[in-house]
Number of protein chains: 2
Amino acid sequence: MAKLAGVSEATVSRVLNNVGPIKEETRERVLQAAKELGYVPNALAQQFARRRSGNIGVILPFVPKVHLFSTYYFSEILSGIGESAKRFGYDLLLIFREPDGARDYVKLFRTQKIDACVMLGSQDVPEERAALAELKREGYPFCLVNQRFEGEGFDTVDADHVTGSMEAVRHLLEQGKRSIAFVNGPEQYSSSGDRLEGYRAALAEAGIPFRQELVYAGNYSRKSGYELSADMAGPIRTGTIDAVFAANDRMAIGLMNGLREAGLEPGLHYSLVGYDDSDGSRIVSPRLSTVAVPFYEMGRLAAARLLDAEQREQAEPAPPGTLPVSFVQRETS
Amino acid sequence: MAKLAGVSEATVSRVLNNVGPIKEETRERVLQAAKELGYVPNALAQQFARRRSGNIGVILPFVPKVHLFSTYYFSEILSGIGESAKRFGYDLLLIFREPDGARDYVKLFRTQKIDACVMLGSQDVPEERAALAELKREGYPFCLVNQRFEGEGFDTVDADHVTGSMEAVRHLLEQGKRSIAFVNGPEQYSSSGDRLEGYRAALAEAGIPFRQELVYAGNYSRKSGYELSADMAGPIRTGTIDAVFAANDRMAIGLMNGLREAGLEPGLHYSLVGYDDSDGSRIVSPRLSTVAVPFYEMGRLAAARLLDAEQREQAEPAPPGTLPVSFVQRETS
DNA sequence: TGTCATAATGTACGCGTGTACATTGAATTC
DNA sequence: GAATTCAATGTACACGCGTACATTATGACA
């Protein structure tokens with residue numbers, strides 16, 4: 001191109017990439033020529049020559065119709081990842097998991113489509129664990145967000161859901177509640193285990209025995225919370241349950257709606273605390289007490305960590321980042 | 001690679017791309033060798049050689065903290081785009097607009113990073129209009145979703161917000177309401193204009209004069225709806241307003257919450273209809289009447305159209321697609 | 001002035017595919 | 001049996017950049 005600016009292609013490349021010593025005058029001449037011709041480097045050629053795509057992959061759960069997971073959750077994390085990506089000059093390649101459960105993450109790296117990858121919404125099931133272990137074995141950089149795999153040593157950015165749950169339950173205890181039910185999500189998510197742990201810890205701390213029959217199993221969907229209301233309405237009426245801690249806002253809201261149909265109001269007949277501080281928690285009435293999770297920050301950190309390591313070519317896996325969460329009291333407790 | 005399978009690289013390429021005549025036996029030999037070696041074509045080299053990235057760009061508004069726009073809205077559209085992309089073998093490259101308003105869309109194409117592009121959340125402002133016009137002038141394929149630019153002939157997938165709004169207002173009229181306020185969003189969005197048009201048409205149809213003082217300006221955020229409640233509480237009490245049609249659910253919900261603080265309940269002191277059929281509309285109480293928009297389908301269609309055209313190398317711009325919406329009655333009206 | 005170190009630039013080639021064109025081989029036709 | 005045709009494959013090169021290495025300019029120093 002700008003050979004028409006009296007210099008070799010190599011020099012052009014050097015100028016544009018700021019590599020090697022360049023006479024100031026030459027640099028300006030090249031940049032001037034590039035501007036005049038409206039020259040834009042071909043990213044495909046660059047990627048090919050550099051053997052790096054400059055893309056960071058973001059793996060998302062398969063969602064034909066986004067509804068099991070909170071869109072809030074993903075939007076926040078995604079924005080955070082985007083923030084870091086921009087800062088490091090990377091682009092985001094969005095990848096939905098296959099519906100059939102196939103997860104050939106290695107292929108994504110082998111084809112060079114991505115240089116690193118952030119995993120969202122992954123579950124601790126054997127196939128996933130194996131797929132990630134292979135990824136790690138092959139040395140490809142990836143980072144999990146909001147999901148740990150015990151004993152694998154995967155790079156992870158998580159939030160302190162144990163403490164978050166403890167605080168939520170402590171709060172209910174402070175309100176004088178003694179029969180606190182817990183609506184949890186599937187155990188494939190490490191955060192479910194964390195929350196159960198926090199729930200138990202808070203009870204233990206208060207000298208209250210844990211009772212399995214107060215633990216209800218949902219799947220993080222609003223519907224599952226709604227359906228559990230049928231089982232819980234009775235115990236709430238009789239006082240066998242005087243408060244509910246739900247593992248996410250969606251279930252809490254579903255439960256709340258279901259109990260309302262049974263004539264039970266949160267904050268009046270029972271206390272209710274959700275988890276996530278999602279949009280929904282602010283718009284229901286009464287407004288839902290919940291636990292705020294720094295999703296944006298988690299995404300930002302996960303990507304930053306990957307790209308930072310990428311740049312210095314180092315492999316030292318940063319210690320799993322665990323970000324603090326905070327209890328938010330509103331009107332349901 | 002699979003030259004070790006007794007054939008030239010060219011033949012390997014032909015086999016893998018299904019191009020040209022190939023002896024069945026050769027094909028199998030190549031595929032067998034590829035499998036044995038675990039061969040995976042280098043996507044970067046492919047893209048470079050084909051001069052196509054195989055990426056479809058998705059332009060999103062700049063969102064340091066996602067909150068002005070409904071995350072629901074984008075998640076749905078994004079999923080729809082993902083669906084089409086997968087079907088055509090494309091990947092999604094996520095691109096956030098620059099905060100400073102710079103929008104060098106052309107560069108994205110010139111660098112070959114994307115082959116086509118879907119625009120989300122774009123506004124009809126001079127810079128955007130110019131940027132898109134340039135894109136069109138240069139012949140780069142792109143498609144707008146939920147936003148039209150009159151007189152430009154851009155490829156667009158929109159929803160019939162005029163009819164949707166008419167139905168919403170008709171519904172209120174059928175309920176006997178005669179003083180229907182309208183809370184609209186910024187006029188940079190064509191859908192705002194559409195909704196105003198629908199609002200006026202429905203009034204005209206019923207022989208009710210349009211009154212400018214019943215039109216309130218929000219910005220599609222929940223906060224703006226909340227703030228407008230201060231202005232509207234009085235008129236509602238006096239009966240100067242007996243119903244409100246809001247241009248989206250977020251504003252409707254904000255308004256509802258604000259009016260509640262003033263002691264006014266939707267469905268009781270006034271009727272309320274929102275727009276979007278977002279998650280929020282289902283979880284507030286009373287549940288919000290609204291208008292369902294096929295966002296997923298819109299994303300799916302936009303991408304499908306682009307990629308379809310891409311494949312047949314044709315340039316005939318499909319007629320702007322306008323998808324139907326549907327009124328959903330719930331409890332606030 | 002000559003030597004040497006360093007700055008600045010040019011030359012040449014590789015990166016891994018896709019593909020136009022050339023070549024070979026086999027089937028068909030007269 | 002020669003000519004023709006087309007299937008099947010090989011050969012060669014382009015794609016646009018980055019970069020190792022070679023080369024030349026520049027200045028410091030003796």
Side-chain angles (χ1 to χ4, degrees), chain A residues 1-35 37-55 89-91 106-115 310-311 313, chain B residues 1-35 37-55 89-91 106-115 310-311 313:
Chain A
M1 80 115 181
K3 245 202 189 132
L4 321 181
V7 77
S8 78
E9 297 177 23
T11 299
V12 171
S13 176
R14 279 187 275 253
V15 169
L16 297 181
N17 290 305
N18 267 318
V19 55
I22 296 285
K23 201 190 292 180
E24 187 52 30
E25 180 216 324
T26 307
R27 175 194 311 283
E28 283 167 13
R29 199 141 37 87
V30 170
L31 293 178
Q32 177 58 29
K35 179 173 293 184
L37 301 184
Y39 171 80
V40 173
N42 182 319
L44 298 185
Q46 288 182 319
Q47 294 171 1
F48 180 51
R50 293 174 177 150
R51 278 177 290 281
R52 292 193 311 109
S53 67
N55 292 151
Y90 274 71
D91 286 311
V106 168
K107 193 169 180 181
L108 287 171
F109 284 93
R110 295 271 295 268
T111 61
Q112 312 251 54
K113 277 188 177 176
I114 61 176
D115 300 334
E310 194 76 351
Q311 285 198 334
E313 308 276 347
Chain B
M1 79 115 182
K3 239 192 190 147
L4 319 181
V7 77
S8 78
E9 298 178 22
T11 300
V12 171
S13 176
R14 279 187 274 252
V15 169
L16 297 180
N17 291 303
N18 266 320
V19 54
I22 296 286
K23 202 191 290 180
E24 186 53 29
E25 180 215 325
T26 308
R27 175 194 311 282
E28 284 168 13
R29 200 140 38 87
V30 170
L31 292 178
Q32 177 59 28
K35 178 172 293 182
L37 300 184
Y39 171 81
V40 173
N42 182 318
L44 298 185
Q46 289 182 319
Q47 292 170 190
F48 179 51
R50 294 174 177 151
R51 278 175 289 280
R52 293 192 310 109
S53 68
N55 291 151
Y90 275 72
D91 286 312
V106 168
K107 194 169 181 181
L108 287 171
F109 284 93
R110 296 271 295 268
T111 61
Q112 312 251 52
K113 277 187 177 177
I114 60 176
D115 300 333
E310 193 77 350
Q311 286 199 334
E313 309 276 346

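Chain identifiers are assigned alphabetically (A, B, ...) following the order of the sequence lines, protein sequences preceding nucleic acid strands; residue numbering begins at 1 within each chain. Model, not experiment: these values are computed from the prediction.
With rounding to the nearest 0.5 angstrom, the CD atom of Gln46(B) is 12.5 Å from the OG atom of Ser53(B). One finds the CZ atom of Arg50(B) at 11.5 Å from the CG atom of Leu44(A) (value rounded to the nearest 0.5 Å). To the nearest 0.5 Å, atom OG1 of residue Thr26(B) and atom CZ of residue Arg14(B) are 10.5 Å apart.
Residue Asn42(B) places none of its side-chain N or O atoms closer than 4.0 Å to OP1 or OP2 of dC15(C). Distances shown here put a side-chain N or O of Gln46(A) below 4.0 Å from the OP1 or OP2 atom of dG18(D). The shortest distance between the side-chain N/O atoms of Arg51(A) and the OP1/OP2 oxygens of dC15(C) is not below 4.0 Å. Between Tyr39(A) and dC17(D), a side-chain N or O to OP1/OP2 separation shorter than 4.0 Å is present.
Note: CD (Glu25(A)) to C1' (dA25(D)) measures 14 Å, nearest angstrom. What separates CZ of Arg50(B) from P of dT19(C) is a distance of 8 Å, to the nearest Å. As rounded to whole Å, 13 Å separates atom P of dT19(D) from atom CG of Leu16(A). The interatomic distance linking Gln112(A) (CD) with dC15(C) (P) rounds to 13 Å, in whole Å. If you measure from atom CG of Leu44(B) to atom P of dG18(C), you get 13 Å, rounded to the nearest angstrom.
In summary, of the residues considered (Asn17(B), Leu31(B), Val7(B)), a side-chain contact (heavy atoms from CB on, under 4.5 Å) with Val12(B) occurs for Val7(B) alone. Checked options Asn55(B), Asn42(B), Asp91(B); the residue passing with Lys113(A) is Asp91(B) (criterion: side-chain hydrogen bond (donor to acceptor under 3.5 Å, both in side chains)).
Aromatic stacking of Phe48(B) on dC15(D): satisfied, with centres closer than 5.5 Å and planes within an angle under 30 degrees.
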For the pair Thr11(B) and Arg27(B), evaluate side chain to side chain contact (heavy atoms under 4.5 Å, CB included) and give the outcome as yes or no after the intermediate values. CA-CA 9 Å; Thr11(B) 300; Arg27(B) 175 194 311 282; over 6 Å; no

Check the interface with nucleotides 7-10 of chain C: list each N/O to N/O pair with the protein under 3.5 Å, or write none.
| residue | atom | partner | partner atom | Å |
| --- | --- | --- | --- | --- |
| dT9(C) | OP1 | Thr26(A) | OG1 | 2.2 |
| dT9(C) | OP2 | Lys23(A) | N | 2.9 |
| dG10(C) | OP1 | Ser8(A) | N | 3.4 |
| dG10(C) | OP2 | Ser8(A) | N | 2.9 |
| dG10(C) | OP2 | Ser8(A) | OG | 2.9 |
| dG10(C) | OP2 | Thr11(A) | OG1 | 2.6 |
| dG10(C) | N7 | Arg14(A) | NH2 | 2.6 |
| dG10(C) | O6 | Arg14(A) | NH1 | 3.2 |

